[in-house]
Enquirer: 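Could you have a look at this structure, given as C-alpha cells, before my questions?
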Amino acid sequence: MNNIAFYAPGVRHYDNGLYQNSVNSFVNISITGSECQCRCEHCQGQLLNSMLSATEPELLVELAADLHRRDCRGVLISGGACQDGSVPLLRFAGALKEVASMGLAVVVHPGLLTDELAKVLAHSDVTRVALDLIGDSATIREVYHLTRTPEDYQNSLRAARLAGLKASPHIVIGLHFGEIRGEYEALKMVAAEGAESLVLVLLNPLRSTPMRDVVPPPAESVARIFKTARELLPNTPIALGCARPPGLYARTIERLAVEAGFNAIAYPARETVDYVHSLGYTVSYQETCCGILA
C-alpha cells in the first residue's frame, strides 16, 4: 500500500477539516532580522519579515528555550544572504548546538555552503540543511544577483555530504521569471551528489517585487519536471514544499505530485487529501518542515 505524508508546520495555520495543526509547532527564525544583501528578484527580503528575529547567538538560545516551553517541535534557522550567497551562521555554531540539545529539530538554511561551515554545522548537531540548488548561470546572476555558477551550488551540496550532514536540497521551479531554465541541471546535481530528500517548490512571486506579475510555469512543464525527478531519484524521498501559487493552480500541482509518486506534500488542499484517500493511500500528518522527510 502506498504511503504519503502531509506536512503542516505551525508557522502557518492549517485546517483541512480532517486535521488541524498546532500554533508554534514549528517556527521560522531569521538570524539577520529583516536584513538581506542579495535582495533577490522574487522576494526582496520580504520573506524575512514573517520570521521571528534572533540576531545574536544568546537571543537565539533564549528564543528557542521559550518556544520549547510552548511545545515547539522544531525550528528553521535562516536569514538574509550576504553578497557571496551565504547566510552568516558561523558565529551561531554554539547556539545551534544548544538549540539541538533541547530536543528541537533544527533545520538550517545556510545559502551557499562552504566546507568550513558544513563541518561547523555537522558539529552543531543540526537535523538537516536545506540547500538551494540553481542550475542556470543567468538565473543566479539575474534573480539572485550573485556572481556564482551552478558548479558552486553543486559544490555546496557536496560539502554537506562530505561533512556528514543530512541535506535536503530545494529547487524552485520557474525561478527564472517563470521560465524553465536550470531545473533539470539542478536535478542532475542531486542525482550526482546524493541527498537525504529533495524538496520541489514553485515560484510564488510576492507583491511589491519585480516578479509580482510573473506567470508561473504551465502545469504540463511542471509535470515533466516531477516525472524526471522521480526517474532520476527512484529511491530518494521527494516532497512538494510549501511555496506555490494558490488556488486552482496549486491544487493541480498537488495532484501532479501525487501522480508522480511524491512522498510528501506541504499544506495540501482538502481536494488533494480526498484524492489521496480515494486512491487508498495510508496518510500521516507531520508538523515539521517537509525537508525533514526521510
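The model shown is predicted, which means the values in this text are computed figures rather than measured ones. Counting from 1, the numbers follow the sequence of the chain as shown.
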Enquirer: Linking I/L/V/M/F/W/Y whenever their side-chain heavy atoms sit closer than 4.5 Å, directly or via other members, would Val215 and Leu203 fall into one cluster?
Expert: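 No.
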Enquirer: Could you measure the distance from the OH atom of Tyr144 to the CG atom of Leu112? Nearest 0.5 Å is fine.
Expert: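 So the OH of Tyr144 and the CG of Leu112 are separated by 9.0 Å.
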Enquirer: What I'd like to find out is whether the side chain of Leu18 reaches to under 4.5 Å of the side chain of Val283, using heavy atoms alone.
Expert: no
Enquirer: Strictly by modelled atom types, are Thr149 and Glu151 linked by a side-chain donor-acceptor pair under 3.5 Å?
Expert: yes
Enquirer: Rounded to the nearest 0.5 Å, how far does CG of Leu60 lie from CZ of Arg91?
Expert: 10.5 Å
Enquirer: Within the structure provided, determine whether Arg73 and Phe26 are in side-chain contact (heavy-atom separation under 4.5 Å).
Expert: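 Not touching, per the 4.5 Å side-chain cut-off.
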Enquirer: Do the side chains of Lys119 and Asp115 get close enough for a salt bridge, i.e. N-O under 4.0 angstrom?
Expert: no
Enquirer: Whether the Tyr19 and Glu287 side chains hold a donor-acceptor pair (N or O, under 3.5 Å, no angle test) is what I'd like checked.
Expert: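 There is such a pair between these side chains.
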Enquirer: Is any side-chain N of the basic residue among Arg251 and Glu254 closer than 4.0 Å to the acidic one's carboxylate O?
Expert: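 Judged by the 4.0 Å cut-off on N to carboxylate O distance, Arg251 and Glu254 do not form a salt bridge.
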Enquirer: Do Pro246 and Asn204 make a side-chain contact, defined as non-hydrogen atoms from C-beta onward lying under 4.5 Å apart?
Expert: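 Side-chain contact under 4.5 Å: yes.
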Enquirer: Please confirm whether the backbone N or O of Ile134 pairs with a side-chain atom of Arg181, one donor and one acceptor, at under 3.5 Å?
Expert: no
Enquirer: With rounding to the nearest 0.5 Å, note down the distance linking CD1 in Ile171 to CG in Leu187.
Expert: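 That separation rounds to 4.0 Å.
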Enquirer: Decide yes or no for Asp132 and His109: does some side-chain heavy atom of the first lie under 4.5 Å from some side-chain heavy atom of the second?
Expert: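 Contact flag for Asp132/His109 side chains = yes.
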Enquirer: Look up atom CD in Glu259 and atom CG in Leu279, then write down how far apart they are to the nearest 0.5 Å.
Expert: 8.5 Å
Enquirer: Can you find a heavy atom in the side chain of Leu104 that is under 4.5 Å from one in the side chain of Cys72?
Expert: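 Yes, close enough: below the 4.5 Å cut-off.
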Enquirer: Decide yes or no for Arg244 and Pro216: does some side-chain heavy atom of the first lie under 4.5 Å from some side-chain heavy atom of the second?
Expert: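 No - every pair of side-chain heavy atoms lies 4.5 Å or more apart.
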Enquirer: Any side-chain heavy-atom pair from Val273 and Tyr285 closer than 4.5 angstrom?
Expert: yes
Enquirer: Keeping Arg70 on the side-chain end and Leu67 on the backbone end, is there a donor-acceptor pair under 3.5 Å?
Expert: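 Not a single qualifying donor-acceptor pair exists.
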Enquirer: What heavy-atom pair brings Gln154 and Ala192 nearest, and what distance separates the two atoms?
Expert: NE2-CB, 3.9 Å
Enquirer: Go through Val258 and Tyr281 one step at a time and tell me if the side-chain contact (heavy atoms from CB on, under 4.5 Å) criterion holds.
Expert: CA-CA 10 Å; Val258 174; Tyr281 277 53; 4.2 Å; yes
Enquirer: Measure the spacing between CD of Glu142 and CG of Asp136 and express it to the nearest 0.5 Å.
Expert: 8.0 Å
Enquirer: Using a 6.0 Å cut-off, check whether atom CD of Glu35 has over 12 heavy atoms from anything other than its own residue.
Expert: no
Enquirer: Could you tell me whether His13 atom NE2 has more than 12 heavy atoms of other residues or ligands within 6.0 Å of it?
Expert: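 It does: His13 NE2 has more than 12 such atoms within range.
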Enquirer: Which distance, rounded to the nearest 0.5 Å, do you find between the OH of Tyr14 and the OG of Ser22?
Expert: 13.5 Å
Enquirer: Short question: side chain of Asn21, backbone of Pro9 - any donor-acceptor pair under 3.5 Å?
Expert: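 Side chain of Asn21 to backbone of Pro9, a donor-acceptor pair under 3.5 Å: yes, one is there.
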Enquirer: List the atom of Gly291, the atom of Ser197, and the distance in Å for their closest heavy-atom pair.
Expert: O-OG, 3.4 Å
Enquirer: Could you check if a side-chain atom of Leu90 sits within less than 4.5 angstrom of a side-chain atom of Glu116, using non-hydrogen atoms only?
Expert: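 Yes; the side chains approach each other to less than 4.5 Å.
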Enquirer: Could you give me the CA-CA distance, side-chain angles and deciding distance for Asn28 and Arg12, then say whether side chain to side chain donor-acceptor pair (under 3.5 Å) is met?
Expert: CA-CA 10 Å; Asn28 296 343; Arg12 182 194 303 178; over 6 Å; no
